[in-house]
Amino acid sequence: MPRDVRIEEAPKFVGEEVRIKGWLYGKVDKGKLQFLQVRDGTGIIQAVVFQNNVPPEAFEAARQVGQESSLILEGTLKAEPRAPGIPGGYEVEVKDLKVLQFVQDYPITPKEHGIEFLMDHRHLWLRSTRQWAIMRVRATVIKAIRDWLDSHGFLNIDSPILTPAACEGTTTLFATDYFGQPAYLSQSGQLYNEATIMAFGKVYCFGPTFRAEKSRTRRHLMEFWMVEPEMAFADLEDCMRVEEELVTYVVQTVLRERANELKVLERDTSPLEKVEPPFPRISYDEALEILKEAGEPLEWGEDFGAPHETIISLRFEKPVFVHHYPTKAKAFYMEPEPDRPEVCRSVDLLAPEGYGEIIGGGQRISDPNLLEQRIKEHNLPREAYQWYIDLRKFGTVPHSGFGLGVERTVAWICGLQHIRETIPFPRTLGRIYP
RNA sequence: UGCGGGGUAGCUCAACGGGGAGAGCGGGCGGCUGUUAACCGUCUGGUUGUGGGUUCGAGUCCCACCCCCGCAGCCA
């Protein structure tokens, strides 16, 4: 009896009789010899069907089978340097073959396609090797994030998706109806994290977040995944140390476990190999100097635009921290620097190679009176934030946290031009199909 | 939302100053025992985004609308 084998495990079963269940990815018809590229979700392997080696009906099936037909094949697994595939170098000398469904006219051919066509066929596009590789990296990025946090004292405490009020204003929120009350899809779990750290010390939430910003750029999605760690008894420095260690662990794990996928993506891994602590740290003021030298001066107090982030990140080989932004450019809950209240203890992490911001975070206000004052200055409804103010009345402590965007991180690690390929079914401006 | 580019065969694109709508790929059939997005022969392909207008005649010019892409703002 042949053994059921997954393609990624093929190297372990050379010389054995195997059965592979999958889909036809590609084919070369050489007459009496058929080369089938078969994928099973874990890789691609070449199956060689020679007319004299198989029953006549199996050979006829191999001759007629079309791209993405589902099939089960049996044969001898061989090491073969000429064989293409992922990882490649192995092939099955087929002895029998059964086609579950003959497919004709699969829309996504091996030739080039435009982005609109591919996005309309996202449900099928995910089968292509490039998308397959990206999703495998994404899964590893997510697992590495969880593994690192779980093993460094953080407890996973998820925050609600349906929320009653905005963290930072309501124009960028998706509104829905909650039994007659307005409710909004969460755009951050941070405020809830600030509650749970007082119960659990160090926490993180990990889930989808929603922004109704009409942003149409290569780094925005309406729905994206964010991990938000938050720590009690932590200042800005502690925050940056956690960020650099976490990001380093994620990058190193992908380099180690997803080498094949990065190869499929033709990612030059040398910039990724340089990622290790400490990351350079520059202040907002220093960043302004760099922008001035680069001929893109910015007025003090202005927040960076995408081109500014690119200029700064290209100056460094590793991800770079930019800290102490102007207080008025950041959210209401940011802790001002005591000696210099016009700047706050905020920090963004910019990925190298021009990828820009992947993390935003900082130290939160711990004084109840200052927090109340800021809520007033930002014209936020006090009642909605009563519980948040409460956190500073019952055992307040210095605390910090950050949000890391999963898709931007995946785009950087994979070396992608656009964030839409980093999530299985992207929600972009104007698209909610499929 | 602003600026710019675009919508022609299943896909990627071409069609000069307004005059017979084309190629490659894909798909079908035939050939080949080592192909790597194979190759060779042959067949198959159209409501030119939608609606209106100018004209003897519109893919091409004009008006309106729809959709897509890029950049910017905003952010992770």
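Residue numbering restarts at 1 for every chain, and letters A, B, ... go by the order of the sequence lines.
- If you take atom C1' in rC43(B) and the same atom in rU50(B), they sit 34 Å apart, rounded to whole Å.
- Note on Q417(A): nothing from the nucleic acid sits closer than 4.0 angstrom, heavy atoms only.
- Side-chain contact of E337(A) with H324(A): a donor-acceptor pair under 3.5 Å is present, judged by distance alone.
- Following rounding to the nearest Å, L33(A) (CG) and rU35(B) (P) show an atom-to-atom distance of 10 Å.
- E289(A) meets the side-chain contact (heavy atoms from CB on, under 4.5 Å) test with no other residue; sequence neighbours excluded.
- Nearer to the 5' terminus of RNA chain B, by closest-nucleotide assignment, is the contact made by R431(A) (compared with the other of I359(A) and R431(A)).
- Donor-acceptor pairing under 3.5 Å is recorded for the side chains of T42(A) and D40(A).
- Base pairing analysis places rU1(B) opposite rA72(B); the two distances defining the Watson-Crick or G-U wobble pair are each below 3.5 Å.
- Closest approach to the R218(A) side chain among rA38(B), rC71(B), rC74(B) is made by rC71(B) (side chain taken as heavy atoms from C-beta onward).
- A straight line from CZ of F35(A) to C1' of rC39(B) spans 13 Å, rounded to a whole angstrom.
- Checking Y333(A) against Q190(A) by side-chain atom types alone, a donor-acceptor pair falls below 3.5 Å.
- A donor-acceptor contact closer than 3.5 angstrom links the side chains of T172(A) and Q187(A).
- Ring orientation note: the planes of Y284(A) and Y325(A) are tilted relative to one another, at an angle of 30° to 60°.
- Under 3.5 Å, the side chains of E257(A) and T253(A) contain no donor-acceptor pair of N or O atoms.
- Within 4.0 Å (heavy atoms only), D348(A) reaches no atom of the nucleic acid at all.
- When the shell of 6.0 Å around CD of E317(A) is examined, it contains 12 or fewer heavy atoms from other residues, nucleotides or ligands.
- A salt bridge does not link R420(A) to E407(A): none of the charged side-chain nitrogens sits closer than 4.0 Å to a carboxylate oxygen.
- For RNA chain B, none of the residues of residues 36-45 of chain A falls under the heavy-atom distance limit of 4.0 Å.
- If you check distances only, the side chain of Q34(A) never reaches the base of rU35(B) with a donor-acceptor pair under 3.5 Å.
- Comparing rG7(B) with rU60(B), their C1' atoms sit 14 Å apart, to the nearest whole Å.
- Rounded to an integer number of Å, the gap from CG of L298(A) to C1' of rA72(B) is 14 Å.
- Of all nucleotides listed (rA76(B), rU35(B), rG28(B)), rU35(B) comes nearest to the side chain of Q46(A).
- The partner of rG46(B), taking Watson-Crick or G-U wobble pairs whose two distances both stay under 3.5 Å, does not exist in any strand shown.
- Judged by distance alone, with hydrogens and angles left aside, Q104(A) brings no side-chain donor or acceptor close enough to the base of rG26(B) to form a pair under 3.5 Å.
- For the P atoms, the distance linking rG26(B) with rC69(B) amounts to 27 Å, nearest Å.
- Contacts of T409(A) with the nucleic acid, taken as non-hydrogen atoms under 4.0 Å apart, are absent.
- Contact of S215(A) with rC75(B) (side chain to base): no donor-acceptor pair of N or O atoms is detected under 3.5 Å.
- For RNA chain B, the residues of residues 60-82 of chain A within the heavy-atom distance limit of 4.0 Å (strictly under) are E80(A), R82(A), sorted by number.
- Atoms CD (E421(A)) and P (rC69(B)) sit 13 Å apart, rounded to a whole Å.
- As a whole-Å value, the separation of E93(A) CD from rU35(B) P is 17 Å.
- Evaluation of the side-chain hydrogen bond (donor to acceptor under 3.5 Å, both in side chains) rule for E357(A) yields no partner, not counting sequence neighbours.
- Distances shown here put every side-chain N or O of R219(A) at or beyond 4.0 Å from the OP1 or OP2 atom of rC71(B).
- Taking the ring centroids of F316(A) and F279(A), they lie at or beyond the 6.0 Å cut-off.
- A ring-centre distance under 6.0 Å is found for Y385(A) and F332(A).
- F102(A) has its CZ atom 17 Å from the C1' atom of rG27(B), to the nearest Å.
- With 3.5 Å as the limit, one finds a donor-acceptor pair spanning the side chains of Q131(A) and R122(A).
- Side chains of Y192(A) and D158(A) form no contact here, defined as non-hydrogen atoms less than 4.5 Å apart.
- For the pair Y106(A) and L221(A), both in contact range of RNA chain B, the more 5′-proximal nearest nucleotide belongs to Y106(A).
- In this entry rU54(B) has no Watson-Crick or G-U wobble partner, no candidate having both defining distances under 3.5 Å.
- Using a 4.0 Å heavy-atom criterion, one finds that E407(A) contacts no nucleic acid atom at all.
- The same atom, P, is picked in rA37(B) and in rC29(B); the two are 24 Å apart, to the nearest Å.
- The interatomic distance linking I432(A) (CD1) with rC67(B) (P) rounds to 15 Å, in whole Å.
- Comparing the P positions of rG46(B) and rU54(B) gives a spacing of 30 Å, expressed to the nearest Å.
- The residues K328(A) and E377(A) are annotated as not salt-bridged, no charged nitrogen and carboxylate oxygen being separated by less than 4.0 angstrom.
- Rounded to whole angstrom, the span from the CG atom of L24(A) across to the P atom of rU36(B) amounts to 16 Å.
- Straight-line distance between the P atoms of rU44(B) and rC3(B): roughly 48 Å, to the nearest whole Å.
- Nucleotides rA72(B) and rC40(B) have their P atoms positioned 44 Å apart, rounded to a whole Å.
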What's touching nucleotides 2-12 of chain B from the protein side, N or O pairs under 3.5 Å?
unit_1	atom_1	unit_2	atom_2	d
rC11(B)	O2'	E112(A)	O	3.0
rC11(B)	O2'	H113(A)	ND1	2.7
rU12(B)	OP1	G114(A)	N	2.7

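- K30(A) has no side-chain polar atom (N or O) that falls below the 4.0 Å cut-off from OP1 or OP2 of rU35(B).
- Inspection of the D29(A) and Q34(A) side chains reveals an N or O donor paired with an N or O acceptor under 3.5 Å.
- Of the candidates rA38(B), rC75(B), rC69(B), the closest approach to any side-chain atom of E213(A) belongs to rC75(B).
- Within 3.5 Å, a donor on the side chain of D29(A) pairs with an acceptor on the base of rC32(B), or the reverse.
- Using a 4.0 Å heavy-atom cutoff across all strands shown, E309(A) reaches at least one base atom of the nucleic acid.
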Exercise for the section: Using the salt bridge (charged side-chain N to carboxylate O under 4.0 Å, His left out) rule, take E68(A) and R39(A) through it: C-alpha gap first, then chi angles, then the decisive distance, then the call. Expected result: CA-CA 9 Å; E68(A) 288 305 320; R39(A) 58 171 196 85; 2.7 Å; yes
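- Counting only N and O atoms by type, the side chains of E353(A) and S313(A) include no donor and acceptor under 3.5 Å apart.
- Within residues 135-159 of chain A, no residue places a heavy atom under 4.0 Å from RNA chain B.
- For the P atom pair drawn from rC11(B) and rU47(B), the interatomic distance equals 11 Å after rounding to whole Å.
- Residue H418(A) is classed as a sugar-phosphate contact, given heavy-atom separations below 4.0 Å to backbone atoms only.
- rG22(B): Watson-Crick or G-U partner is rC13(B), with both key distances under 3.5 Å.
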